[in-house]
Chemist: 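I'd like to ask some things about the structure below.
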Amino acid sequence: MSDLPAETVLKTTPLSEAHVALGAKMVPFAGYSMPVQYAEGVLKEHLWTREHAGLFDVSHMGQARLRGVAPLSAFEEITPSDFIGLKPGKQRYSVLLNRQGGIIDDLMAARPIRPDGSGDDGLFVVVNGACKDNDFRVIDDELSPQVTIERLEDRALIALQGPAAVEVLKRHVPEVAAMVFMDARLLEGFGVDLIVSRSGYTGEDGFEISVPGHAAVSVWNQLLADERVKPIGLGARDSLRLEAGLPLYGHDLDETVSPIEADLGFAVSKKRRDARDFPGAARIAGELSQGPFRVRVGLKVLEGAPAREGAEIADEDGQVVGKVTSGGFSPVLRQGIALAFVPPLHSEPGTKLKVIVRGKTQAAEVVKTPFVAHRYVRKL
C-alpha cells in the first residue's frame, strides 16, 4: 500500500486505537497508519457492504472550508466545473487542473446547508489524503488573497455505505432520510455538529460524515452498535470502488491524464467548455472535438489470474496497446476486472484484448463501467 521509508513516523486518525481494538491489520497509507482489513478479511467485508452497511474511516482525507468574497467563482479558475451554478445544499465532483490540463487531484466540493436552508457562501472541500498538502498549496498559490483556506484538521471523516446505511444513520440523524445523492447538509447528531453528504466511493447508497475529532470514537462506536454495520478496511474499500468503476488518484489519474482521457468529461461543464476559461482548456477542447490519444476503459479478464496495475494490454495480434492502472478480483462477479488506458480504436465495449499477467497472455474484453451497478438514491 505504501513505499514510505521504514523510519517515517506515520500519522494516526482519531480512530486508530479503535481499529487496533477491533483487531485490524494496520498498514501505511497516504502517510497514515490505516486499517487494511479486520478479522473476517477483505472478501467478507466487501460482500457485507454490498448487502448491509460498511463503516469506513477516511479521516486521512483533507477537509477544508474555502472562504472569501467570491469563493465559488474563484474556484472555477482552477477547475473545469460550474461552481457558480452549484445550488446551496448540493455537492459536486470535480478535478484540480494544471496548466496542461492534467489532473492534480480529484475532489468533492459542496455548499452544505442547515435544515432551515441557511448556510454560508463558502465551499466545503474534501480532497485525497496523499495529495492534500499539495492541493491546498495549489489553491493558496492560485487563489490567494481572494480565497482563504481553513483546513479542518480537527475533524474526522467517516463513511457509512451500503443498502442499510440510511436506516442505520436516520436513527441518530433523522434528517438524512430526506437527502438524495450529492446532497450536503449541516446537521446535529450524536450530540455534535456534522457535515453530511449522501455520497461515497463504493457505488452503494451511503453517507460521508464529517465529525469533530474528539467525538469520532463515540460516533464510530454508536454506529457499530447496530447489527447491520461492520467495520471495513482499505482492502475492501479498493475492491468496492473498482467494481463501481471509479478511478483512484495516483493510479488511474495523475498530472499527465486529462479528464477527457479519464472518462470524466462530465466534470467539464458545458458552460466552461464554451468559455474555455480553465487551465489546459486548449488541450481539453481539442480532445473533445478530435478525441484523445488514449481513454480509460473497463476490462473483464476472461481467464486466468486477475490483471494487476502495470500489466500490459495487447491487441489480438499481440501488439502492446495499453496498460492496466487498477485491477483485481471482483467478489460480486467472481472474476478479474480492471481499469486501463488504451487507444480509442480499442475502447469500444465488446473489443477483444489480451492482458499479460506474469508473462502469460490471458483473454480480456472491454466492457462498460460500472462493473457492478451503482445504487445511489437520486430521488425519493
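Note that this is a predicted model, so its numbers are computed, not measured.
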Chemist: Show every ring pair (Phe, Tyr, Trp, His ring centres under 6.0 Å) that has at least one partner inside residues 293-322, sequence neighbours left out.
Modeler: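 Listed once each, the pairs would be none.
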Chemist: Please examine the side chains of Val126 and Val58, heavy atoms only from C-beta on, and report whether any two atoms are closer than 4.5 Å.
Modeler: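 No. Closest side-chain heavy atoms not under 4.5 Å.
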Chemist: So, Thr325 and His251: side-chain donor and acceptor under 3.5 Å apart, yes or no?
Modeler: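 Short answer, no.
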Chemist: Taking only residues at least two apart or on different chains, which pairs with a member in residues 59-68 satisfy salt bridge (Lys or Arg N to Asp or Glu O under 4.0 Å)?
Modeler: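 Checked against salt bridge (Lys or Arg N to Asp or Glu O under 4.0 Å) - neighbours excluded - the pairs reaching residues 59-68 are Arg65-Asp120, Arg67-Asp120, Arg67-Glu150.
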Chemist: Checking side-chain polar atoms at under 3.5 Å, does Thr49 have a donor or acceptor matched by the opposite partner on Glu45?
Modeler: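 Their side chains do not contain a donor-acceptor pair, so the 3.5 Å distance test is not met.
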Chemist: Between Val332 and Arg50, is there a side-chain heavy-atom distance shorter than 4.5 Å?
Modeler: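 Touching, per the 4.5 Å side-chain cut-off.
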Chemist: Give the C-alpha distance, both sets of side-chain angles, the deciding distance and a yes or no for side chain to side chain contact (heavy atoms under 4.5 Å, CB included) between His346 and Lys352.
Modeler: CA-CA 8 Å; His346 302 287; Lys352 302 297 184 183; over 6 Å; no
Chemist: Below 4.0 angstrom, N of the basic side chain to O of the carboxylate: do Glu40 and Lys230 qualify?
Modeler: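 Here Glu40 pairs with Lys230 in a salt bridge, since their nearest N and O are under 4.0 Å apart.
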Chemist: Quick one: CD1 on Ile195 to CG on Leu152, what's the gap to the nearest 0.5 Å?
Modeler: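 Atom-to-atom, Ile195:CD1 and Leu152:CG are 6.0 Å apart.
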Chemist: Does any pair with a residue in residues 184-213 pass ring pair (Phe, Tyr, Trp, His ring centres under 6.0 Å), and if so which ones, sequence neighbours excluded?
Modeler: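 Of all non-adjacent pairs touching residues 184-213, those that pass ring pair (Phe, Tyr, Trp, His ring centres under 6.0 Å) are His172-Phe190.
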Chemist: Is the closest side-chain heavy-atom distance between Phe329 and Ile337 below 4.5 Å?
Modeler: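 Of all side-chain heavy-atom pairs linking Ile337 with Phe329, none is under 4.5 Å.
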Chemist: Determine, step by step, whether Val366 and Leu299 satisfy the side chain to side chain contact (heavy atoms under 4.5 Å, CB included) criterion, reporting the C-alpha distance in whole Å, the side-chain angles of both residues, the deciding distance to 0.1 Å, and the verdict.
Modeler: CA-CA 5 Å; Val366 176; Leu299 291 177; 3.8 Å; yes
Chemist: Please list all pairs meeting salt bridge (Lys or Arg N to Asp or Glu O under 4.0 Å) that have one or both residues in residues 369-380, counting only residues at least two apart or in different chains.
Modeler: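 Passing the test, one end in residues 369-380: Glu204-Arg375.
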Chemist: Would you call Glu303 and Lys360 a salt bridge, using N to O less than 4.0 angstrom?
Modeler: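 No.
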Chemist: Who are the side chain to side chain contact (heavy atoms under 4.5 Å, CB included) partners of Asp121, not counting sequence neighbours?
Modeler: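 Scan of Asp121 (side chain to side chain contact (heavy atoms under 4.5 Å, CB included), adjacent residues dropped) gives Arg111.
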Chemist: Of all the heavy-atom pairs spanning Glu76 and Ile84, show the shortest one and how long it is.
Modeler: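 Of all heavy-atom pairs spanning Glu76 and Ile84, the closest is OE2-N, 2.9 Å.
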Chemist: Is a side-chain donor-acceptor pair under 3.5 Å present for Asp106 with Tyr93?
Modeler: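 Yes, a side-chain donor-acceptor pair sits under 3.5 Å.
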Chemist: Do Ser210 and Arg155 have side-chain atoms, one donor and one acceptor, less than 3.5 Å apart?
Modeler: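 Arg155 and Ser210 do have a side-chain donor-acceptor pair below 3.5 Å.
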Chemist: Other than Phe83, which residues form its hydrophobic cluster under the rule that side-chain heavy atoms must be closer than 4.5 Å?
Modeler: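 The other cluster members (ILVMFWY side chains, heavy atoms under 4.5 Å, direct or chained) are Leu66, Leu72, Phe75, Ile78, Leu86, Leu96, Ile104, Leu107, Leu123, Val125, Val127, Phe136, Val138, Ile139, Leu143, Val147, Ile149.
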Chemist: Does either side chain, that of His52 or that of Glu227, offer a donor lying less than 3.5 Å from an acceptor on the other one?
Modeler: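 Distance-only check fails for His52 and Glu227.
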Chemist: Going by distance alone, is a donor N or O of one side chain under 3.5 Å from an acceptor N or O of the other, for Ser94 and Ser81?
Modeler: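 Side chains of Ser94 and Ser81: pair found under 3.5 Å.
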Chemist: Within the structure provided, determine whether Arg241 and Ser326 are in side-chain contact (heavy-atom separation under 4.5 Å).
Modeler: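 SC-SC contact between Arg241 and Ser326 confirmed.
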Chemist: Flag the pair Arg198 / Val166 as yes when at least one side-chain heavy-atom distance between them is below 4.5 Å, and no otherwise.
Modeler: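 Heavy-atom side-chain distance check passes, below 4.5 Å.
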Chemist: Working note: Ile209 + Leu169, criterion side chain to side chain contact (heavy atoms under 4.5 Å, CB included); need CA distance, chi angles, decisive distance, verdict.
Modeler: CA-CA 10 Å; Ile209 311 156; Leu169 189 56; 4.0 Å; yes
Chemist: Let me confirm one number: the OG-CG distance from Ser330 to Leu240, rounded to the nearest 0.5 Å.
Modeler: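 That separation rounds to 9.5 Å.
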Chemist: To the nearest 0.5 Å, what is the distance between CG (Asp57) and CZ (Arg237)?
Modeler: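 Rounded to the nearest 0.5 Å, the CG-CZ separation comes to 10.0 Å.
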Chemist: For a quick test of reading the model, state the closest non-hydrogen atom pair linking Leu15 to Ala216 and the distance between them.
Modeler: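 Closest heavy-atom pair between Leu15 and Ala216: CD2-O, 3.6 Å.
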Chemist: Sequence neighbours excluded, which residues qualify as side chain to side chain contact (heavy atoms under 4.5 Å, CB included) partners of Asp317?
Modeler: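 Listed in chain order: Asp315.
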Chemist: Applying side-chain hydrogen bond (donor to acceptor under 3.5 Å, both in side chains) to Ser197 and Ser199, what does each step give before you reach the verdict?
Modeler: CA-CA 6 Å; Ser197 66; Ser199 59; 2.9 Å; yes
Chemist: Got a sec, which residues hit side chain to side chain contact (heavy atoms under 4.5 Å, CB included) with Ala305, two or more places apart in sequence or on another chain?
Modeler: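 Applying side chain to side chain contact (heavy atoms under 4.5 Å, CB included) to Ala305 gives Val357, Arg358, Gln362.
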Chemist: How long is the straight-line distance from OG of Ser16 back to NZ of Lys11, given to the nearest 0.5 Å?
Modeler: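 The NZ atom of Lys11 sits 12.5 Å away from the OG atom of Ser16.
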Chemist: Compile the donor-acceptor pairs under 3.5 Å between side chains in residues 278-288 and protein atoms, sequence neighbours left out, one pair per line.
Modeler:
residue	atom	partner	partner atom	Å
Arg283	NE	Glu287	OE2	3.1
Arg283	NH1	Gln100	O	3.1
Arg283	NH2	Thr256	O	3.0
Arg283	NH2	Glu261	OE1	2.9
Glu287	OE1	Ser258	OG	2.5

Chemist: So Leu339 and Phe371, do their side chains get closer than 4.5 Å, heavy atoms only?
Modeler: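 Yes, at least one pair of side-chain atoms sits under 4.5 Å.
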Chemist: What pair of heavy atoms forms the shortest contact from Leu253 to Ala262, and how long is it?
Modeler: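 Closest heavy-atom pair between Leu253 and Ala262: CD2-CB, 3.5 Å.
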Chemist: How long is the gap from CG on Asn128 to CE on Met108, to the nearest 0.5 Å?
Modeler: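 Rounded to the nearest 0.5 Å, the CG-CE separation comes out at 10.5 Å.
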Chemist: Please collect all salt bridge (Lys or Arg N to Asp or Glu O under 4.0 Å) contacts where either partner lies in residues 125-140, sequence neighbours excluded, each pair once.
Modeler: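 Residue pairs with at least one partner in residues 125-140: Asp133-Arg151.
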Chemist: At their closest point, which heavy atom of Ala165 faces which heavy atom of Gly206, and how far apart are they?
Modeler: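 Where Ala165 meets Gly206 most closely, the heavy atoms are CB-CA, 4.0 Å.
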Chemist: To the nearest 0.5 Å, what is the distance between CD1 (Ile232) and CD (Gln37)?
Modeler: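 Interatomic distance, Ile232 CD1 to Gln37 CD, rounded to 0.5 Å: 11.0 Å.
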Chemist: Please step through side chain to side chain contact (heavy atoms under 4.5 Å, CB included) for the pair Arg296 and Asp252, ending with a clear verdict.
Modeler: CA-CA 8 Å; Arg296 181 172 67 89; Asp252 313 294; 4.3 Å; yes
Chemist: Any side-chain heavy atom of Leu353 sitting closer than 4.5 Å to one from Glu365?
Modeler: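 Side-chain contact under 4.5 Å: no.
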Chemist: May I ask you to test the Gln63-Leu157 pair for a side-chain heavy-atom distance under 4.5 Å?
Modeler: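 In contact.
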Chemist: What pairs with Glu142 under salt bridge (charged side-chain N to carboxylate O under 4.0 Å, His left out), at least two apart in sequence or on another chain?
Modeler: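 Partners of Glu142 by the salt bridge (charged side-chain N to carboxylate O under 4.0 Å, His left out) criterion, ordered by chain and then number, come out as Arg99.
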Chemist: Show me the donor-acceptor pairs, under 3.5 Å and distance only, between side chains in residues 173-187 and residues at least two apart or in other chains.
Modeler:
residue	atom	partner	partner atom	Å
Asp183	OD1	Lys90	NZ	2.7
Asp183	OD2	Val180	N	2.9
Arg185	NH1	Gly89	O	2.9

Chemist: Give a yes or no on whether a salt bridge exists between Arg228 and Asp226, defined as a side-chain N under 4.0 angstrom from a carboxylate O.
Modeler: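 So Arg228 pairs with Asp226 through a salt bridge.
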